[in-house]
Amino acid sequence: MSDTTSELPQYYDPHAAFARYAPEWEGSGVYSPRPDAPGLPYSIVIPPPNVTGDLHMGHALNNTLQDLLVRYKRMDGYNAIWIPGTDHAGIATQWIVEKQLRAKGIDRRELGREKFLERVWEWKAHSGGNIVRQLKRLGVSCDWSRERFTMDEGCSGAVRESFVKMHEEGLIYRATRLINWDPIGLTAISDLEVETEENVQGELWSFAYPLSDGSGEIIVATTRPETMLGDTAIAVHPEDPRYVRLIGKTVRHPLLDREIPIVGDAILVDPAFGSGAVKVTPAHDFNDHEVGKRHDLPLITIFTPDAKVNGEGGPYAGLDRFEARGKIKADLTALGLFRGTRLNVMTLPRSQRSGAVVEPMVSTQWFVKMKPLAGPALGAVEHGFTTFWPKQWENTYFAWLRDIKDWCISRQLWWGHRIPAWHCAACAHITVSRDDVVACGSCGSADVKQDEDVLDTWFSSALWPLSTLGWPDRTEELATWYPTSVLVTGFDIIFFWVARMMMAGIHQVGSVPFADVYIHGLVRDENGDKMSKTKGNVVDPLLSIEKHGTDAFRMTLASLAGLGRDLTWSDKSVEVWTRFQNKVWQSFRFLRMHVHELPPAAEPGTMDRWILARAGVAVANVRAALDGYRFNDAVTELHRFVWYELCDWYLEFSKAALYGEDEAAKSAAKHTLWTVYSTVARLLHPFMPFLAEELWQNLPGTSGSVMVARFPRAEDFPAADASLDDVALLQEAIVAVRRVRAEKELGGKVALQLVSRGLGALNAYAAVLDDICNASVVAGDKPDACATVVVNGIEAWIPLTGVLDLDKERERLGGHIAKAQKSVDFLRGLLGNEGFVAKAKPELLASRRAELDGDEARLATLHAALAALG
RNA sequence: UGGCACGUAGCUCAGCGGCAGAGCAUCGCCCUGACACGGCGAGGGUCGUGGGUUCAAAUCCCUCCGUGCCAACCA
């Protein structure tokens, strides 16, 4: 009674807690376990953010969830590690530095490769740590001592090993093929880096090719008239009666004075579409390229790397492809060959990075043969070695792997892993080697030069789970933590990254890189729109953390992260968790008012056993949710337990003991409070680590950090037994009294009585009942003017002499009667249904019968109550 | 064109075979000694449409409508 203050600040300050604990934790070494540390291994490797990047909501979500899992498993006794790192992001980074130089009037080519790369490294050193600093504001528990970069020595070694090995195996080869070319970035790109712009308003432009023998013409249509400079055939359907007799003849190219054969091709040509004749440009169109191969047509490349017409274009040479289009249309029209035009909605392939309209070009590049790699990667998921959460993403994964095409991995860039191949000037032999080559592997000439190209960024990303753990060396880390436990990532890089890691892992070391793949959704704005800089609806996670603190911010993300759905972010949703944070804090202050030292164990009372049993259920539910990656369910469970069971009920129950005279009850309540808050702090730690630590540090008798305390287990708590039914009875009685109080608009000051013959069990809790709702239990018969309540099926009355409003009371009872009648009707119908009675499970049938009995009794009681009002 | 999701209270979502749930918002009453960042109580939905299976459907199957994503694409 003497202590009414708690010495704790009135409000929790998340920023102060962060400032205090984050550096302490990082310096503790807990994040950097040794491979031989005790516990089953648990490992996550971070999806490495680009060095060019700023932390956005996607990163915040992604890393919060990883941290949550690692903190949970670490507390749960696993040898848990989370390896961080960043990605060099080839094209993206080169692009940024080039732009910076251009702003200063410098072209990278003037600078030369060496000097340019120095600039990129400088830039990386200067701003590359930015993302890491930002990540730390999330409170992440990464092992920074093992931080990696995709172009560090280890990763570079892994890349070289992998490339050379796969080349030796014939899985990497060099070939001249039609590839996607980015005319602004001036590099080849992979199929995946081509994005299609939808619903572009285009024009389908028709013109005529005159037959060489002067006997007529063939009309073709195109959305790209300029490509006719590279036409080497006209294709028609071999069974099209209009054209059959023309197959084998030629047409005359009207602008370049060249004869072009007419071929029959059933695959390309749909006779029902347009004129039924198609111009064929094998060097600049993927479908046409296949036709070219089938009919052995020449390939005429008509563009320079920056997509201007080259020497093959005769008078059009030097024109940009779009300028050439206009001029060619004009010239064909002047020649009288124009045959009409119509609007055409189409899609336009664009380079993911530069936005340039992609130009298919014939080019010599390096490729990975994918079919042999895809099969095992497919099988691994089919057989459950790796599981996707949610499972439906496996379909996406399967579909892509089943229809996979070879991967063009060479890029005409400077920033990236240089291809380990040396070209001999003397004999043209290409030597691929793990070590730098000084003499040609074929003729021995010293006149060798390393391939100018670098590898696609994703080539090194594919090796990330291996390289971060030390591969190709056989490290202890690799032995302990590979395969990793889970990959947490977004659906947008299932092809780019997840599938390729699967293939690389299986191929290089014979096992999958992760047991689980958790795919989270996209963080959208409060209207459900995608966040984008151009739309200006981007929420800056750092600002949000500044405003609400790390704990509430993380809790919000977790609360939104379920299985298989995008997340709708709003500031309102953060407020729920700042309020929750406050609730936890205020209730903890209550504990501190009463608990000043570690309370000795004491025989728990009914209320104590009740909350301990409820805590056990909460622990089980939180664990089950986390184990199934249902972060939202875990959060809901914590909220439900802490707010509704602990604060709303137990804390109120405990007051009777804490403020009462019974010393045994008092110490039992103190011990229970201590136990429950010790549990809450530990349950909360993965979600709200700083708040949890603040609780832990201020909980008497604890030592060390909560992050290495044992995660609670359901077995730590007593199971509920029949004696706890009293608590439900008491709760029902309290709610009944409160309802009457609210409905009758009686203030809290008026003491009420609960009169009945059957609620004697409540006498044991008279103090609590009095404390919580200013009511007492009296054995007796129905008074004259009263409200009738039903507690646990037992009729009781609350005398209302002097305050009863008869009309209001009749109305209220009428409502309840209608509801009860509906329920009774339903159950009677159900139980009168022979099919149900015959086929329903016996337990269900019994419980339904019991329900009907209860409801019928309740209905009768209500009718009686109504009658009692006169 | 194909594939995959999704459509449940005003809003955001959970439930996925046994009388519709949560948070926020709304409406009352309360500054009661942890908390007004609070307490107590209440109202609110024929679960997108139409059919089918079942004793029983928000839940399983089919149709359609709407929304979103992914993949392919007719010159």
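It should be emphasised that the depicted structure is a prediction, and the values quoted were computed from it without experimental measurement. Convention: sequence-line order gives letters A, B, ...; per-chain numbering from 1.
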### Query
5'-most contact on RNA chain B: A/Arg630 or A/Gln10, nearest heavy atom basis?
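Taking each residue's closest nucleotide, the earlier one in sequence belongs to A/Arg630.
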
### Task
Take A/Leu268 and A/Thr636, find for each the nucleotide of RNA chain B with the closest heavy atom, and name the residue whose nucleotide sits nearer the 5' end.
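It is A/Thr636, whose closest nucleotide lies nearer the 5' terminus.
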
Rounded to whole angstrom units, what separation is found between the [atom1] atom of [X] and the [atom2] atom of [N]?
| X | N | atom1 | atom2 | result |
| --- | --- | --- | --- | --- |
| A/Tyr12 | B/rA34 | OH | C1' | 18 Å |
| A/Gln581 | B/rC37 | CD | C1' | 10 Å |
| A/Asn395 | B/rA5 | CG | P | 7 Å |
| A/Gln392 | B/rG3 | CD | P | 16 Å |
| A/Lys572 | B/rG23 | NZ | P | 16 Å |
| A/Arg738 | B/rC40 | CZ | P | 6 Å |
| A/Glu526 | B/rG10 | CD | P | 20 Å |
| A/Leu646 | B/rA34 | CG | C1' | 11 Å |

### Message
Is it the case that B/rC4 (base atoms only) and A/Thr396 (side chain only) share a donor and an acceptor within less than 3.5 Å, ignoring hydrogens and angles?
### Response
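When only heavy-atom distances are counted, A/Thr396 does not reach the base of B/rC4 through any donor-acceptor pair under 3.5 Å.
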
### Query
Any donor-acceptor pair under 3.5 Å joining the side chain of A/Glu652 to the base of B/rA34?
yes

Looking just at side-chain N and O atoms, do [X] and [Y] make a donor-acceptor pair shorter than 3.5 Å?
| X | Y | answer |
| --- | --- | --- |
| A/Asn632 | A/Ser559 | no |
| A/Gln581 | A/Thr578 | no |
| A/Lys670 | A/Thr672 | no |
| A/Tyr677 | A/Ser587 | yes |
| A/Glu203 | A/Thr341 | yes |

Phosphate OP1/OP2 of [N] contacted by [X] side-chain N/O (<4.0 Å):
| X | N | result |
| --- | --- | --- |
| A/Trp643 | B/rG39 | yes |
| A/Arg565 | B/rC6 | no |
| A/Arg579 | B/rC24 | yes |
| A/Asn287 | B/rC74 | yes |
| A/Lys655 | B/rU32 | no |
| A/Lys583 | B/rG39 | yes |
| A/Arg739 | B/rG41 | no |

### Message
Rounded to the nearest 0.5 Å, what separates atom CZ in A/Arg500 from atom CD1 in A/Ile493?
### Response
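If we round to the nearest 0.5 Å, A/Arg500:CZ and A/Ile493:CD1 are 11.0 Å apart.
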
[N] - base-pair partner by Watson-Crick or wobble geometry, distances under 3.5 Å:
| N | value |
| --- | --- |
| B/rA5 | B/rU67 |
| B/rC37 | none |
| B/rA22 | B/rU12 |

With [atom1] as the reference atom in both, quote the distance from [N] to [M] in angstrom, rounded to an integer.
| N | M | atom1 | result |
| --- | --- | --- | --- |
| B/rC6 | B/rG17 | P | 14 Å |
| B/rC64 | B/rC16 | C1' | 22 Å |
| B/rA56 | B/rC65 | C1' | 28 Å |
| B/rU53 | B/rC62 | C1' | 11 Å |
| B/rG45 | B/rA22 | P | 14 Å |
| B/rG48 | B/rG68 | C1' | 15 Å |
| B/rU59 | B/rA20 | P | 13 Å |
| B/rU63 | B/rU1 | P | 16 Å |

Nearest to side-chain heavy atoms of [X], which nucleotide of [options]:
| X | options | result |
| --- | --- | --- |
| A/Met593 | B/rA75, B/rA34, B/rG39 | B/rA34 |
| A/Leu830 | B/rG41, B/rG23, B/rG18 | B/rG18 |
| A/Leu204 | B/rG41, B/rA5, B/rA75 | B/rA75 |
| A/Ala742 | B/rC24, B/rA34, B/rG41 | B/rG41 |
| A/Thr222 | B/rA34, B/rA75, B/rC55 | B/rA75 |
| A/Tyr11 | B/rA36, B/rA75, B/rA34 | B/rA36 |
| A/Phe590 | B/rC24, B/rA75, B/rA34 | B/rA34 |
| A/Leu651 | B/rA34, B/rC40, B/rG68 | B/rA34 |
| A/Tyr659 | B/rU54, B/rA34, B/rA75 | B/rA34 |
| A/Asp633 | B/rA75, B/rA34, B/rA14 | B/rA14 |

Using a 4.0 Å heavy-atom cut-off, does [X] contact any base of the nucleic acid, only the sugar-phosphate backbone, or nothing at all?
| X | answer |
| --- | --- |
| A/Asn774 | nothing |
| A/Asn833 | sugar-phosphate |
| A/Tyr644 | sugar-phosphate |
| A/Ser275 | nothing |
| A/Cys647 | base |
| A/Val280 | nothing |

### Message
Strictly distance-based, threshold 3.5 Å: is any side-chain N or O of A/His284 a donor or acceptor partner for the main-chain N or O of A/Pro360?
### Response
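Indeed, once roles are kept as given, a pair shorter than 3.5 Å links the two residues.
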
### Message
Just checking A/Lys749: does its NZ atom have more than 12 heavy atoms from other residues, nucleotides or ligands closer to it than 6.0 angstrom?
### Response
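Counting other residues, nucleotides and ligands, NZ of A/Lys749 stays at 12 neighbours or fewer.
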
### Query
When you measure from the centre of the six-membered ring of A/Trp577, is the NZ or CZ of A/Arg554 under 6.0 Å away and within 45° of the axis?
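No, cation not above the ring by the 6.0 Å, 45° rule.
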
### Query
Can A/Phe836 be said to stack with the base of B/rC55, given centres closer than 5.5 angstrom and planes under 30 degrees apart?
no

### Query
Looking at A/Phe690, A/Phe590, A/Tyr12, which hits ring-ring contact (aromatic ring centres under 6.0 Å, His included) with A/Trp585?
A/Tyr12

